[in-house]
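Here's the structure, in structure tokens; my notes come after.
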Amino acid sequence: MQVLQEKKTEAKRTEPQKEIMTGAEAVLRCLLEEGVDTIFGYPGGAIMPIYDALYGYRDRLRHILVRHEQGATHAAQGYARVTGKPGVVFATSGPGATNLITGIADAQIDSTPLVCITGQVAQHLLGTDAFQETDVLGISMPVTKWNYQVTDVTELPEVMAKAFFIARNGRPGPVLIDITKDVQFAKFPFSYKKCDRIRSYAPYPKPTSHSLEEAAELINAAKKPYILAGHGISISGAQHEFRAFVEKTGIPVASTLLGLSAFPCDHPLYVGYLGMHGNYGPNVKTNECDVLIAVGMRFDDRVTGDLKTYARQAKVIHIEIDPSEIDKNVKTAVAINADAKEALNALLPLVKERRHEAWLNEFKACDQIEHEKVIEKAINPVTPELKMSEVVHLISEMTGGEAIVVTDVGQHQMATSRYYKYKVPYSNVTSGGLGTMGFALPAAMGAKIGQPGRQVVAIIGDGGFQMTLQELGTIFQFEIGCKIVILNNSFLGMVRQWQQLFHEKRYSCTEMTNPNFVAIAKGFNIEASKVSERDHIKAALQTMLDHQGPYLLEVVVEKEENVFPMVPSGASVANIRLE
């Protein structure tokens, strides 16, 4: 017994001593353990202890001081989308925390990993309506993958580890950790262990051999198979596996809005962009294919149109990591509930090498119709005013399709999705499911910080730009070299288009009297210029692209330009309008 006691005493002597630190410092140490290098945030009273501790970590953690907390979430989204790493956000309690909600909701629906850390009033003040106290857990619960309030400093490392595990694994998404101010001050012995599993949470379901064999059988027998490429391909890093699958099977591929850049637009099997303002062939042929293979996408209403008429003739194979998305909108013949990369790797040896030239030629025939009726007029217009489509087409050509392109929401977003020809993965950053105006400017900041060696071009409408233009201050302070193109039509263009087509041109509350955007940019010490003539647009774009550092180019475009084709809301994808 005495020998056993001596061994225990010796073990205690050799056991490393845990470092005593505050909860505030522990938060920063946890971030370092998770490989975090950048934080987007805005300080305030309830998170001040963490910011005070951050002062000593300035050489290891870069903090980007945004001008509004919503900007922090969008910047973190841009960073996450081009790096694959969770974006990290700091905000204080009350309005600081509530200002995060739009960006968190955007990240949730677009499957973007964020870890948002908010300060909270001290425990003894909870529920007293204290200054800047808000129930951020209750507010954020519907739009987070997980949220938690830390009221015991000893559980802080475990909660932080769990937050990163949940944010980045499975279908990614945002998490929010609310930390009371007394926990930030409290001291405890710190140790950290990364989370590698959570009981009852299986983020990576395995594809069954039965579903894989059934899918392969359908694919191998198909006469008119068709692939829809979604965002899940990029999230899982499955671009190589997806291309191998496409090239072996010879199946035409169309992309969703968020799926753009997962597959090169110049590939001979790429047939275009899906959805309400997508290409003619990809929409019409959805209702003619016999096997529809959806990879990492959720069949939202902008893709399907009228569900009662959507692909009724097709046997649907759905590869999707989130089981809640399977059979939610479109009934599947074969469901493969798995990560896209794993599913494609498993399918590849089971499918036959085939070609579908006659079927592919049907898409090409549709392309020809669309080119004559829409595209030629859009990129080579005869009208005196510049068009959004021709400007985007020029940017695509001048960047070789290799820039990271960040779009806001509206007509310019649809024009960019149609006319920018992505050639490099992780190049498309946009707000898809939530459709958040104001997204692009801060998201472009985050994208440039995440990928400083790549050209980052933000294409923004005049309406969306004015929602977050204060982030020009962040761009100036931190010398973030993104390029900003404002396509200015002096309208809330997408709403105006609907008013023209479906409300007899009653332009209710959509025309804008805009400020001097160039003067605003120069007020933030950012180089800027304005162009309105076709003879000058190429030179203006070249000046912008060649400039070292941030640059804003305002392009005055046709006021009442419409984006076609268009599937009217609630209509069948087969009823797509070309004019």
Side-chain angles (χ1 to χ4, degrees), residues 71 73-75 77-82 102-103 106-107 109-110 112 231 234 255-262 265 273-278 302 378 387-396 398-399 401-448 450-451 454-469 471 475 482-489 491-495 497 541 544-545 552-555 557 561 563:
T73 52
H74 293 328
Q77 285 177 273
Y79 177 91
R81 293 269 283 273
V82 300
T102 297
D106 195 289
I109 200 165
D110 283 353
T112 305
H231 190 202
S234 295
S255 174
T256 66
L257 173 62
L258 288 172
L260 288 166
S261 84
C265 291
Y273 163 55
L274 281 168
M276 180 173 279
H277 289 282
R302 286 301 191 261
K387 287 184 176 286
M388 291 178 287
S389 44
E390 69 174 308
V391 176
V392 171
H393 177 69
L394 267 175
I395 294 171
S396 181
M398 294 171 73
T399 59
E402 295 183 349
I404 294 172
V405 179
V406 187
T407 50
D408 214 79
V409 173
Q411 285 182 313
H412 69 278
Q413 179 189 34
M414 297 298 99
T416 304
S417 303
R418 289 177 50 76
Y419 296 105
Y420 195 89
K421 302 305 178 187
Y422 298 92
K423 294 181 182 177
V424 180
Y426 304 110
S427 295
N428 170 46
V429 180
T430 195
S431 172
L434 198 63
T436 305
M437 291 179 68
F439 171 88
L441 187 64
M445 299 184 329
K448 186 64 177 177
Q451 293 288 352
R454 293 188 63 186
Q455 183 77 272
V456 175
V457 180
I459 300 177
I460 313 176
D462 48 307
F465 178 74
Q466 291 179 78
M467 288 194 169
T468 51
L469 66 80
E471 297 307 334
I475 290 170
C482 52
K483 307 300 189 285
I484 304 151
V485 178
I486 300 174
L487 298 181
N488 181 6
N489 59 9
F491 265 113
L492 298 176
M494 184 62 80
V495 183
Q497 178 169 337
L541 287 169
M544 177 192 75
L545 293 170
L552 183 146
L553 177 64
E554 178 189 353
V555 184
V557 295
E561 176 187 354
V563 182

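The closest side-chain heavy-atom distance from Leu541 to Met544 is below 4.5 Å. At a threshold of 4.5 Å between non-hydrogen side-chain atoms, the residues Met437 and Met494 do not count as touching. Counting only heavy atoms from C-beta outward, the side chains of Asp106 and Thr73 never approach each other to under 4.5 Å. Ile475 has its side chain within reach of Cys482: a pair of non-hydrogen atoms, C-beta onward, lies under 4.5 Å apart.
A donor-acceptor pair shorter than 3.5 Å cannot be found between the side chains of Glu561 and Gln411. A donor and an acceptor atom, one from each side chain of Ser427 and Ser261, are nowhere located under 3.5 Å apart. The closest side-chain donor-acceptor pair between Arg81 and Ser234, if any, does not fall under 3.5 angstrom.
No side-chain donor-acceptor contact under 3.5 Å links Tyr273 to the backbone of Met414. Between the side chain of Arg302 and the backbone N or O of Gly433 there is no donor-acceptor pair closer than 3.5 Å. In this structure, the side chain of Asn489 does not engage the main chain of Val557 through any donor-acceptor pair within 3.5 Å. When atom types are taken as modelled, the side chain of Glu554 and the backbone of Asn488 share no donor-acceptor pair closer than 3.5 angstrom. Looking only at distances, no side-chain donor or acceptor of Ser431 sits under 3.5 Å from a matching main-chain atom of Leu434. Of the possible donor and acceptor atoms, one in the side chain of Ser396 sits under 3.5 Å from a partner among the backbone N and O of Lys421.
Closest of all the heavy-atom pairs between Ala447 and Ile404 is CB-CG2, 4.2 Å. The heavy-atom pair separating Thr430 from Gln413 by the smallest distance is OG1-NE2, 2.8 Å. Taking all atoms of both residues into account, the shortest heavy-atom contact from Met388 to Ala415 is CB-CB, 4.2 Å. For Tyr422 against Thr416, the heavy-atom pair with the smallest separation is OH-CG2, 3.9 Å.
For the atom pair OG1 of Thr436 and CD of Gln77, the computed distance is 7.5 Å after rounding to the nearest 0.5 Å. Distance check, rounded to the nearest 0.5 Å: CD1 of Ile395 to NZ of Lys483 gives 12.0 Å. To the nearest 0.5 Å, the span separating NZ on Lys448 from CD on Gln451 amounts to 9.5 Å.
Taking the six-membered ring for Trp and the full ring otherwise, the centers of Tyr419 and His393 sit at least 6.0 Å from each other.
Remark: of the listed residues Val391, Ile486, Val405, Asp408, Val405 is the sole one forming a side chain to side chain contact (heavy atoms under 4.5 Å, CB included) with Ile459.
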